[in-house]
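What follows is a short report on a single structure.
Predicted model, so just to flag it, every value in this text is computed and none were measured.
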Amino acid sequence: MSFEWEISTEELENKIQEGCPLIDIRNAGNIAYGMIPGAIAISQEELSSHAEEWAQEKGVVIYCTRGLLSMEAAEELRELGVMAYSLKGGYMGWLMNQMEQEKNTDKQKEIEEGLRKTWKKRLFSPFARAVKKYELVKEGDKIAVCISGGKDSMLMAKLFQELQRHRQCQFDLVFLVMNPGYNEENRKVIEHNAKLLGIPITMFETNIFDIVYQEEKSPCYLCARMRRGYLYSKAQELGCNKIALGHHYDDVIETILMGMLHSGQIQTMMPKLHSTNFSGMELIRPMYLIREDDIKRWRDDNELNFIQCACHFTDTCSTCEPDGRTVSKRMETKLLIAELKKNNPYVESHIFKSVENVSLDTIIAYKKNGEKHHFLDSYDNKESV
């Protein structure tokens, strides 16, 4: 069924040229993965407060993830005298249209040149620095570069290709994509971007999303655990000794703060780990020193569009809801850090450095290899100060 206030992606360009504001009503988590160029983020709850202003416009175009909630929002605004339109298919519909237009374009060379010049200081240099500082890549390694389809892992793949081009040590790469049960659209986005960026992916199938969807308690935790297990297993099967994940600097500091605020513990996301379940395997995080804002700028500068979390819990317009129920603890922490930064511009680096400067003499208790140590255990053996 089609409504008079529903427009296609082809009609969108005309509306923008006419001066119609383009409004994104998805939540902050989804918006972080990318927006339609020129869009303004406004929650669905706040739309009515702009009705008087927009009533003077030729029209306003609203979009969500798949064009469901935006239909409802457009109808409500029309009742307030606004010539509101809903984008048919939402962000995903627009993205499919963009992919169709990009089929015959060749961005690979331009993007690779950009990583060597424009983005060298902000992206490749901190990538190479983390590899060296934490000894992440060694002679003879075969690394499974794990690609989820998001901006972080796709950029990581390109940076690994650039690192390999420098030939400072000999190592092999496998660009591994695990399909946990993506819908056809998200799979197409991953395959399209891999081709566009010149990344030769190896994809394998699992049914993780179907299994996790039945889980009522901590589905995201279970999903993450299962994903990693499948990735380790497949990487080992392909002869790899390491898997590389695309966690960046902001993920690290958010994890530190989340542990303190929600788990009552001080710990961090390590730059590398030995696997406890897969003998001889390691996990490495070469994006450890790269800032997320720089990744976003690289994405937008190259007009790239990547998938967001695409599980069955978030793969609908329910993720557009403006209330706090759909906002993750990580997003809450991200917003908290942004608020703290207003008064202290160094707060992010201070959080990061806090786990490099732990003084055990001023810690009540700590764990080492699973064993808890308390300051009273050795208190009487220390000299008075």
Side-chain angles (χ1 to χ4, degrees), residues 1-103 149 182-190 192-193 300 303-323 325-327:
M1 182 181 293
S2 181
F3 296 85
E4 61 176 309
W5 57 85
E6 187 176 46
I7 65 170
S8 66
T9 51
E10 290 78 11
E11 295 172 305
L12 174 63
E13 190 62 36
N14 292 331
K15 292 297 179 185
I16 292 175
Q17 289 178 0
E18 290 173 6
C20 296
L22 178 61
I23 310 301
D24 188 331
I25 62 170
R26 297 175 300 157
N27 66 27
N30 289 338
I31 287 173
Y33 287 92
M35 300 169 70
I36 298 176
I40 303 168
I42 300 177
S43 72
Q44 190 172 353
E45 288 182 335
E46 297 174 322
L47 292 178
S48 60
S49 65
H50 296 269
E52 187 175 341
E53 169 195 346
W54 290 336
Q56 311 303 316
E57 303 280 357
K58 292 182 179 179
V60 58
V61 181
I62 302 166
Y63 73 90
C64 56
T65 301
R66 295 186 177 276
L68 301 179
L69 290 179
S70 56
M71 282 287 291
E72 175 187 314
E75 185 175 9
E76 291 174 355
L77 283 174
R78 281 182 170 248
E79 291 174 357
L80 296 174
V82 179
M83 190 64 71
Y85 300 92
S86 170
L87 180 61
K88 188 175 183 178
Y91 180 78
M92 287 305 297
W94 173 84
L95 185 53
M96 293 299 109
N97 184 265
Q98 284 295 108
M99 284 169 43
E100 192 63 31
Q101 294 180 29
E102 289 177 344
K103 270 187 177 179
Y182 294 129
N183 63 38
E184 193 60 29
E185 288 175 337
N186 282 312
R187 181 176 181 135
K188 283 181 179 178
V189 173
I190 294 173
H192 169 81
N193 283 326
D300 296 342
E303 297 181 334
L304 297 169
N305 301 283
F306 301 106
I307 70 167
Q308 56 197 46
C309 176
C311 77
H312 298 335
F313 288 101
T314 62
D315 195 28
T316 67
C317 277
S318 62
T319 56
C320 299
E321 291 289 3
D323 62 40
R325 291 173 297 172
T326 59
V327 179

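- Partners of Asn97 under the side chain to side chain contact (heavy atoms under 4.5 Å, CB included) rule, at least two apart in sequence or in another chain, are Thr9, Glu10, Gln101.
- Expressed to the nearest 0.5 Å, how far NZ of Lys15 lies from CE of Met83 amounts to 8.0 Å.
- Heavy-atom minimum distance, Ser86 versus Gly67: OG-O, 4.0 Å.
- Within the model, atoms CD1 of Ile42 and OG of Ser49 stand 7.5 Å from one another, a figure rounded to the nearest 0.5 Å.
- Within 6.0 Å of atom CD in Glu53, more than 12 heavy atoms from other residues, nucleotides or ligands are found, so the atom counts as buried in its surroundings.
- The minimum heavy-atom distance between Asn193 and Asn305, with the atom names listed, is ND2-O, 2.8 Å.
- The two residues Asp24 and Ala39 make their nearest non-hydrogen contact at CB-CB, 4.4 Å.
- How far CD of Glu185 is from NE2 of His192: 14.0 Å, rounded to the nearest 0.5 Å.
- One finds the CE atom of Met35 at 11.5 Å from the CG atom of Asn30 (value rounded to the nearest 0.5 Å).
- The two residues Cys64 and Leu69 have their closest heavy-atom pair at SG-N, 3.5 Å.
- For Ala73, the side chain to side chain contact (heavy atoms under 4.5 Å, CB included) partners two or more places apart in sequence, or in a different chain, are Ile25, Gln44, Leu47, Ile62.
- In this structure, Ser70 and Trp5 have side chains that are not in contact, with every pair of non-hydrogen atoms separated by 4.5 Å or more.
- Remark: Glu303 CD is loosely packed, at most 12 non-hydrogen atoms of other residues, nucleotides or ligands lying under 6.0 Å away.
- Checked by atom type and distance alone, the side chain of Arg78 pairs as donor or acceptor with a backbone atom of Ala84 at under 3.5 Å.
- Interatomic distance, Leu12 CG to Lys88 NZ, rounded to the nearest 0.5 Å: 14.0 Å.
- Applying the ring-ring contact (aromatic ring centres under 6.0 Å, His included) test to every pair with at least one member in residues 36-87, sequence neighbours left out, gives these pairs: His50-Trp54.
- The two residues Leu80 and Ser48 come nearest to each other via the heavy atoms CD1-CB, 3.9 Å.
- Here the closest non-hydrogen pair linking Ala55 and Val82 is N-CG2, 4.1 Å.
- Between the CD atom in Glu76 and the CE atom in Met71 there is a gap of 12.0 Å [rounded to 0.5 Å].
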